[in-house]
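What follows is a single structure, written as structure tokens, with notes after it.
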2 protein chains.
Amino acid sequence: MADIAKMAGVSASTVSRALAGSHLVEKTQRDRIVKIARDGGYVINSTARNLRLQRSETISVIIPLGHASTQPLSDPFFVEMLGYLAEEITRRGYGMFVQKISPPMDDWMHRLIGSHRSDGIIVIGQSTEHSVIEAAAMSYRPLVVWGGHDREQSYCTVGTDNVAGARAGVQHLIRLGRRRIVFFGDPKLPEIHLRYEGYRRALKDEAGVGAAQIVPTHLTADAAYESMRAYISGGKTFDAVFAATDVIAISAIRALTGAGLNVPADVAVVGFDDIALAAHTNPALTSVRQDIRRGAEIMVDLLLRRIAGEDTPSATMAAELVVRESCGAARH
Amino acid sequence: MADIAKMAGVSASTVSRALAGSHLVEKTQRDRIVKIARDGGYVINSTARNLRLQRSETISVIIPLGHASTQPLSDPFFVEMLGYLAEEITRRGYGMFVQKISPPMDDWMHRLIGSHRSDGIIVIGQSTEHSVIEAAAMSYRPLVVWGGHDREQSYCTVGTDNVAGARAGVQHLIRLGRRRIVFFGDPKLPEIHLRYEGYRRALKDEAGVGAAQIVPTHLTADAAYESMRAYISGGKTFDAVFAATDVIAISAIRALTGAGLNVPADVAVVGFDDIALAAHTNPALTSVRQDIRRGAEIMVDLLLRRIAGEDTPSATMAAELVVRESCGAARH
DNA sequence: TTGAAAGCGCTACCAT
DNA sequence: ATGGTAGCGCTTTCAA
């Protein structure tokens with residue numbers, strides 16, 4: 001900047017003002033300086049600028065993997081979310097700083113905040129970190145979390161109505177004539193827990209449906225595949241699966257097909273998330289849709305408002321059941 | 001830091017040294033200061049540190065989407081790569097700064113470099129930006145690009161041997177008895193161009209195989225699906241598809257199945273990438289595997305060496321054909 | 001309308 | 001082994 005000042009025959013102060021478009025600098029003068037800077041290939045040093053301004057124009061996106069630490073960002077859901085966040089954060093003029101957290105390690109939030117690397121934090125999924133997040137939120141305002149909402153928690157979440165979504169999915173199976181519906185998923189994670197709750201309610205709503213059956217399984221494709229294989233070998237009778245995520249659903253279908261069962265004729269399957277690939281599997285997957293793009297937009301919007309000092313409430317989006325082939329047609 | 005200095009009764013210089021683990025500070029003294037800092041919840045301000053040190057401990061990961069600007073990071077390949085990069089960059093103690101670039105816009109590289117936000121740049125896929133990258137690489141060293149390699153280009157690339165990989169995939173189809181093999185993909189992108197080249201060579205190697213047929217299609221699932229539908233409607237006869245990416249392959253299978261054709265009985269399909277979902281589709285997809293995790297590791301390693309001043313050559317990894325169900329068994 | 005000067009929080013030089 | 005001081009590149013008072 002000192003160079004540009006010299007070239008333009010003015011002080012650094014004036015260059016700074018001109019580049020910032022300040023009206024304190026006369027228009028012709030301003031344009032002249034901007035042109036010199038551009039021609040000289042000058043780009044403002046954001047580190048220095050940020051130090052002076054006490055901000056970073058960067059948003060941290062944190063992915064806690066307490067539930068699957070060895071598996072690197074495997075879930076297409078996370079990764080789709082990451083893509084939409086990159087999109088929206090860039091659009092709003094910020095940079096995105098991505099970091100994966102593999103607990104146990106309880107000071108990650110404190111270190112991240114203290115480092116001043118970012119102006120705000122988005123956490124994708126509570127994983128096993130609910131209490132760490134809760135503690136941080138007491139004193140750190142610019143924080144938005146994707147995940148399940150619960151009245152106990154005081155931090156700002158954005159997410160889908162998991163209970164209603166799961167309930168709608170299971171109700172659909174029941175209406176199609178399915179009676180023994182198994183839930184696949186790990187209820188230790190807050191969101192999955194809520195989906196399980198929706199599943200239970202749907203079963204309770206209807207008479208003549210078998211009792212709730214849960215198969216706890218991790219969220220990775222391999223783990224879900226093995227869970228389903230083991231379940232089939234167990235010899236239990238069932239005619240439908242409600243999977244806590246699409247990754248689980250897709251793996252379950254593969255295991256079912258591999259065992260000689262037909263989907264949906266023998267076993268109907270419904271997933272959750274409606275990831276991009278759900279429409280492209282064979283049979284195409286019926287799934288409870290979460291609007292990830294919208295979720296990303298809302299999170300970024302809320303976070304920027306929090307950065308600006310506003311105190312925003314949590315947001316819950318409606319879930320929508322997308323019916324495809326994997327749940328079959330009605331039968332009686 | 002001034003606070004910590006006061007609390008410890010030493011100067012800021014000494015605190016700085018103690019926190020850096022300098023042996024200029026006596027061990028007991030050092031430990032004492034570190035403890036005070038930790039107890040006081042002190043975290044070093046990375047912006048100030050970086051300004052002083054003239055570095056950022058951050059790596060920029062750029063995703064140019066010149067070929068599909070409206071589609072936000074749709075390709076599972078990109079997104080898997082992003083995950084592995086996040087993993088590896090974090091492991092090496094750096095932060096990852098992600099930015100999506102939607103050309104046309106030819107100064108993105110210059111602005112990114114000039115802003116000093118990162119110590120080095122990884123570009124995932126050349127997209128349509130080959131010349132921009134080439135130009136930047138002349139003066140900016142810490143730059144590594146995922147993509148196709150070509151003797152014309154002087155920048156450092158990491159990628160798979162696309163020609164050999166595609167060739168192996170097509171040879172496999174031919175050996176299984178397929179004779180009319182269609183290539184689906186957009187050869188404008190450097191990597192896809194090389195895969196097409198491998199396809200052509202495989203056809204040339206063997207007698208009695210139909211001429212090369214290419215259907216240019218974008219890399220998105222929807223575009224590929226439509227391309228295949230249109231191709232089927234065109235009434236051409238063919239018994240195999242070599243898809244430039246798994247996304248194209250999976251969409252093609254869906255379109256084929258939807259048109260009443262059996263995969264692999266009527267049409268065999270081979271993809272490229274071996275994304276996580278390839279093993280989980282139905283039928284499971286035969287694909288030319290790129291070791292994305294390894295690629296991410298190599299890119300980060302090369303980039304860090306370049307940041308350290310070393311001049312590293314490009315790296316090409318071997319491709320491996322992973323045979324599953326979608327290509328069928330031998331027939332004569 | 002412009003410039004001089006201070007200072008963001010840190011590290012490293014040069015003293016002692 | 002430790003402290004004082006300068007300075008990284010910028011923005012913003014304050015004074016003119």
Side-chain angles (χ1 to χ4, degrees), chain A residues 1-34 36-38 40-58 93-95 110-119 307, chain B residues 1-38 40-58 93 95 110-119 307:
Chain A
M1 183 176 265
D3 295 350
I4 303 299
K6 211 159 286 170
M7 291 166 70
V10 294
S11 72
S13 315
T14 303
V15 175
S16 174
R17 284 190 274 252
L19 260 32
S22 162
H23 284 276
L24 286 170
V25 182
E26 204 184 358
K27 174 125 177 58
T28 53
Q29 169 87 310
R30 208 189 324 154
D31 292 347
R32 189 178 66 87
I33 295 172
V34 167
I36 290 171
R38 196 202 313 282
Y42 173 77
V43 179
I44 222 156
N45 180 316
S46 59
T47 309
R49 175 170 222 262
N50 289 337
L51 175 60
R52 173 64 228 233
L53 261 31
Q54 297 291 76
R55 53 166 186 54
S56 62
E57 298 214 272
T58 296
Y94 278 73
H110 175 249
R111 282 159 66 148
L112 179 62
I113 294 168
S115 75
H116 295 267
R117 281 191 100 114
S118 50
D119 299 337
I307 289 171
Chain B
M1 180 175 265
D3 295 350
I4 302 299
K6 211 160 285 170
M7 290 167 71
V10 294
S11 72
S13 313
T14 303
V15 174
S16 173
R17 282 191 276 251
L19 260 33
S22 162
H23 284 277
L24 287 170
V25 182
E26 206 184 357
K27 173 129 178 53
T28 53
Q29 169 87 309
R30 209 192 318 156
D31 292 347
R32 190 177 66 87
I33 295 172
V34 168
K35 186 176 177 342
I36 291 171
R38 197 202 314 282
Y42 174 77
V43 179
I44 223 157
N45 181 314
S46 58
T47 309
R49 176 170 222 262
N50 289 337
L51 174 60
R52 174 62 229 232
L53 262 29
Q54 298 290 79
R55 54 166 186 54
S56 62
E57 296 215 271
T58 296
H110 175 249
R111 283 159 65 148
L112 179 62
I113 294 168
S115 75
H116 294 268
R117 282 190 99 114
S118 50
D119 299 337
I307 289 172

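Worth knowing before you read on, the calculation uses all heavy atoms, side chains too, and leaves out hydrogens, waters and symmetry mates. Residue numbers start from 1 in every chain, and the chains themselves are labelled A, B, ... in the order their sequence lines are given, proteins ahead of strands. Note that the structure is predicted; figures quoted are calculated from it, not measured.
Separating the NE2 atom of A:His116 from the P atom of C:dG9 is a distance of 8 Å, rounded to the nearest angstrom. Note: CZ (A:Arg30) to C1' (C:dT1) measures 12 Å, nearest angstrom. Protein atom CZ of A:Arg55 is 13 Å distant from nucleotide atom C1' of C:dC8, rounded to whole Å. Atom CG of A:Asn50 is separated from atom P of D:dT11 by 10 Å (rounded to the nearest Å). Counting to the nearest Å, the P atom of C:dA12 and the CE atom of B:Met1 are 11 Å from each other. One atom, CG of A:Leu24, and another, P of C:dT1, lie 8 Å apart when rounded to the nearest Å. Spacing between atom CZ of A:Arg117 and atom C1' of C:dC10 amounts to 15 Å, rounded to whole angstrom units. Protein atom CD of B:Glu57 is 14 Å distant from nucleotide atom P of C:dC10, rounded to whole Å.
When heavy atoms are screened at a 4.0 angstrom cut-off, B:Leu51 is found touching base atoms of the nucleic acid. Contacts of B:Leu53 with the nucleic acid, taken as non-hydrogen atoms under 4.0 Å apart, involve only primed sugar atoms and P, OP1 or OP2.
The phosphate of D:dG9 (OP1 or OP2) has a side-chain N or O of B:Gln54 nearer than 4.0 angstrom. For B:Tyr42, no side-chain nitrogen or oxygen approaches OP1 or OP2 of C:dG9 to under 4.0 Å. In this structure, B:Gln29 reaches the D:dT2 phosphate: one of its side-chain N or O atoms is under 4.0 Å from OP1 or OP2. For the OP1/OP2 pair of C:dG7 and a distance below 4.0 Å, the side-chain nitrogens and oxygens of A:Arg52 include no atom meeting the criterion.
Inter-residue side-chain proximity for B:Glu57 and B:Arg55 is flagged as met; some heavy-atom pair is nearer than 4.5 Å. Side-chain contact between B:Ser56 and B:Arg117: absent, with no pair of heavy atoms (C-beta onward) separated by less than 4.5 Å.
Side-chain N or O atoms of B:His116 include none that pairs as donor or acceptor with a backbone N or O of B:Gln54 at under 3.5 Å.
Between the CG atom in B:Leu19 and the CE atom in B:Met1 there is a gap of 5.5 Å [rounded to 0.5 Å].
By the 4.0 Å N-to-carboxylate-O rule, B:Lys35 lies too far from B:Asp31 to be salt-bridged with it.
DNA chain C lies under 4.0 Å from at least one heavy atom of each of the following residues of residues 2-21 of chain A: A:Val10, A:Ser11, A:Ser13, A:Thr14, A:Arg17.
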Quiz item: Would A:Asp119 and A:Tyr94 count as a side chain to side chain contact (heavy atoms under 4.5 Å, CB included) if you check the C-alpha gap in whole Å, the side-chain angles of each, and the deciding distance to 0.1 Å?
Solution: CA-CA 10 Å; A:Asp119 299 337; A:Tyr94 278 73; 3.6 Å; yes

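There is a side-chain donor-acceptor pair under 3.5 Å between A:Thr14 and A:Ser11.
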